Q: 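Quick one: this structure, given as structure tokens, is what I'll be asking you about.
Below, read A as the first sequence line, B as the second, and so on, with proteins coming before strands; counting in each chain starts at 1. Values below: all heavy atoms of this structure, side chains included; hydrogens, waters and symmetry mates excluded. Small disclaimer: the values here were computed from a predicted structure and weren't measured.
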2 protein chains.
Amino acid sequence: MDVAHEAGVSTMTVSRALKAPDLVQEQSRERIIAAIAKLGYVPNQAAATLASARSQVIGVLVPSLTNAVFIETLSGIRDYLSEAGYQFLIGETGYSREKEAQLISTYLAHAPAGFLLSSSDQHEILKKHAAMRHIPAVRMFDLGKSNEDFSVGFSQIKAGYTIARHLIDHGYKRPAFLAAQMDPRMLKRREGFRKALQEAGIVADIEVLLPDPTTVGMGAQLLRKVLESWPDCDAVFCCNDDLALGALFECQRRGLDVPGRMAIAGFNDLSWAACATPSITTIITPRYEIGYKAAEMLIDQLRGKAIPKGRLDLGFELAVREST
Amino acid sequence: MDVAHEAGVSTMTVSRALKAPDLVQEQSRERIIAAIAKLGYVPNQAAATLASARSQVIGVLVPSLTNAVFIETLSGIRDYLSEAGYQFLIGETGYSREKEAQLISTYLAHAPAGFLLSSSDQHEILKKHAAMRHIPAVRMFDLGKSNEDFSVGFSQIKAGYTIARHLIDHGYKRPAFLAAQMDPRMLKRREGFRKALQEAGIVADIEVLLPDPTTVGMGAQLLRKVLESWPDCDAVFCCNDDLALGALFECQRRGLDVPGRMAIAGFNDLSWAACATPSITTIITPRYEIGYKAAEMLIDQLRGKAIPKGRLDLGFELAVREST
DNA sequence: CTGAAAGCGCTTACAG
DNA sequence: CTGAAAGCGCTTACAG
């Protein structure tokens, strides 16, 4: 190592000056810092990873990169991890458990320090490796069933329930459930939604679920389907604000008053929800915080801090606006 | 290496079976594959990187993760790179050259095989390392001035010019330029926009540029400013469809007919542009293709393929819709 | 087609 | 507070 030679110390001292400066005499440290600057030295992470058997890389797996929801979660992850000195490898699972397992395998080759996942339960492969090589994982978005593993999110069931209760309380008699992009979280929102309707004695028969990705155009399409099949429908809960925006545009195109003829509720509070005309009632979800807190929980584990508990419920908030 | 022992060959043969199967006898290869499956072997990338002095990781630096534009570019990058067997480290530069240079330094420690950047010109640090360690880089979104370095994108100036010509040709007399998020690409669109107005003998005096990030709410705000200061304005070009959507909502809120009283043009063709009411005239940009082609150009360089030229102009398309 | 030797640049674990 | 030795698990470069 040229830096060691330049500073007149051993490579060990250079290594220590970088990782644990307190253990190095100030004079040595200063000479090392000067040498690093002079030579433009950049430490070789691969060597560090090989020697220490762990890296500063976190494997992050999200369902989709084209969904604004997950992007904000990535921002939260990035903010915490970059502060903590970690990099991350981002993988897109396409909402598939198999794809997620496959990406975990690939990433394992990089000796990641940990994983941030979005599956609703643990993978066998990770259980095996987590036990073997102590690679911790935190799951995001939904809450685990128990405190057995680590998860950060909110109750998708409660969120669906809350929207339905809101619509019922405002006198809507025939609310629809509209969704695209089959995924377990969406199904849980649906579960909560149906539960509230049933409790209120309303038949939960109006729903359209499409497997395709969520887009604004899809929202317009879903609204058309509902109007065709259930002309008496007076409110729609769209599983994502993309769909809600499309539904709003379709109502405008047909001259249907919102919320007079058709109420619209969305989910996530994406950037247009608050300033649409009319503004869109939605559930504000803690997407950024989920990423930030999940990263924090993971790093705390890596650093051996005591973790109070395995589940962190960040909650959500109903934003009542003009569209309902 | 346990796999070598299990298969009764040397570690070298295992290595070859993985990287260059053609060089290994079929029998050996089969035994090695069986041993890998049996033992659940995952190759250690850090060791491979250290030994070969290069990794399968590409450093990708985009201005922002919260902008849908760059996300689609990441999708293109991912599709090409994952097919080619590479991973990528994503960094967010916040539209700052300094931050980009700093991230390059950090990533250099991972011995990346190459870089995909979004700055408008090369960094000193990279020039130094690219020369030293042969780390190639491809720049995305805008086109380089010369064929000296590699870039994939389209002409931002022409795009701005095209929108302005369209507005002029449709008889608008007082078009405004609205933008947020100062960045060099936006300034080039402005340059083209002003040029077209000047050629048509129109004074290009109506513009509002804010440094803050682009959001839908910001679009509404920009439209209010324009109406206050230039009540005779009859058309707005919003530098991004987020802004255009906000401007449309603000017009709806004020009861201004679009395009009768106010024409609105956007940029990028984000998902709502085509299905808004009215649908929004915009420039369709090849975001996904930029990522895909930039990745391809980078990998081709890494594999020593002859690259026809340094600049790849992917063009753009004007989508004329109801809002103008 | 295959293998023995050397080494990539760090860190661990020890000794002082 | 510092350093010499050994080794992490691969690949390179060579020899056969």
Q: Using the closest heavy atom to pick a nucleotide of DNA chain C for each, name whichever of B:G8 or A:T49 lands nearer the 5' end.
A: B:G8
Q: Rounded to the nearest angstrom, tell me the gap between atom CD1 in B:I32 and atom C1' in C:dT2.
A: 10 Å
Q: To the nearest Å, how far apart are A:Q45 CD and C:dC8 P?
A: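 From A:Q45 CD to C:dC8 P: 19 Å.
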Q: CZ/B:R16 to OG1/B:T11 distance, rounded to the nearest 0.5 angstrom?
A: 9.0 Å
Q: For a quick check of understanding: with a heavy-atom distance under 4.0 Å over all strands, which category does A:A53 fall into, base, sugar-phosphate or nothing?
A: nothing
Q: Which of the following nucleotides, C:dT12, D:dT2, D:dT11, is nearest to the side chain of B:A51?
A: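 That would be D:dT11.
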Q: Could you tell me how the ring of A:Y288 sits relative to the ring of A:Y292: parallel (under 30°), tilted (30 to 60°) or perpendicular (over 60°)?
A: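 Parallel: the ring planes of A:Y288 and A:Y292 meet at under 30°.
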Q: I want to verify a distance call: between C:dC10, D:dG3, C:dG3, whose nearest atom is closest to the B:R16 side chain?
A: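 Ranking C:dC10, D:dG3, C:dG3 by closest atom to the B:R16 side chain puts C:dG3 first.
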Q: Using the side-chain heavy atoms of A:L50, tell me which of these nucleotides is nearest: D:dC10, D:dC8, C:dG3.
A: D:dC8
Q: Can you tell which of C:dT11, D:dG9, D:dG3 lies closest to the side chain of A:V9?
A: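 Minimum distance to the A:V9 side chain belongs to D:dG3.
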Q: B:T11 has a side chain; which of D:dT11, C:dC10, D:dG9 sits nearest to it?
A: D:dT11
Q: Would you kindly give the CD-to-P distance between A:E26 and D:dT2, to the nearest whole Å?
A: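 Taking atom P of D:dT2 as the reference, CD of A:E26 is at 11 Å.
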Q: Rounded to the nearest 0.5 Å, how far apart are OG1 of B:T73 and CD1 of B:I290?
A: 5.5 Å
Q: For A:N44 and C:dT11, what is the distance between atoms CG and P respectively, to the nearest whole Å?
A: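 After rounding, the reported distance stands at 10 Å.
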Q: Roughly how far apart are A:I77 CD1 and A:I90 CD1, rounded to 0.5 Å?
A: 7.5 Å
Q: What is the distance from CZ of A:R29 to C1' of D:dT2, rounded to the nearest Å?
A: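 Between C1' of D:dT2 and CZ of A:R29: 14 Å.
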Q: Which nucleotide in the set C:dG3, C:dT11, D:dT11 lies at the smallest distance from any side-chain heavy atom of A:S15?
A: C:dT11
Q: Compare the minimum distances between each of C:dC8, D:dT2, D:dC10 and the side chain of A:Q25, then state the nucleotide with the smallest one.
A: D:dT2
Q: Take atom NZ of B:K19 and atom C1' of C:dT2, then tell me their distance rounded to the nearest Å.
A: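 That distance rounds to 19 Å.
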Q: Round to a whole Å and report the spacing from CG of A:L18 to P of C:dG9.
A: 16 Å
Q: Should the pair B:E296-B:K293 be classified as a salt bridge under the 4.0 Å nitrogen-to-oxygen rule?
A: yes
Q: How many whole angstroms separate atom CG of B:L23 from atom P of D:dA13?
A: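 Roughly 15 Å, once rounded to whole Å.
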Q: Relative to the 5' end of DNA chain C, which residue comes earlier, B:A47 or A:M12, by the nucleotide with the nearest heavy atom?
A: B:A47
Q: Give a yes/no answer on whether the side chain of B:T13 brings an N or O atom under 4.0 Å of OP1 or OP2 in C:dC1.
A: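 Answer no for this pair, as no side-chain N or O of B:T13 is under 4.0 Å from OP1 or OP2.
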Q: Answer yes or no: does a side-chain N or O of B:S10 lie under 4.0 Å from OP1 or OP2 of C:dG3?
A: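 Indeed, a polar side-chain atom of B:S10 lies that close.
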Q: Minimum heavy-atom separation for B:L81 and B:Q87, please, with both atom names.
A: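 Distance-wise, the nearest heavy atoms are CD1-O, 4.4 Å.
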Q: Tell me which nucleotide, if any, is Watson-Crick or G-U wobble paired with D:dA4 when both distances must be under 3.5 Å.
A: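 Base-paired to nothing in any strand shown.
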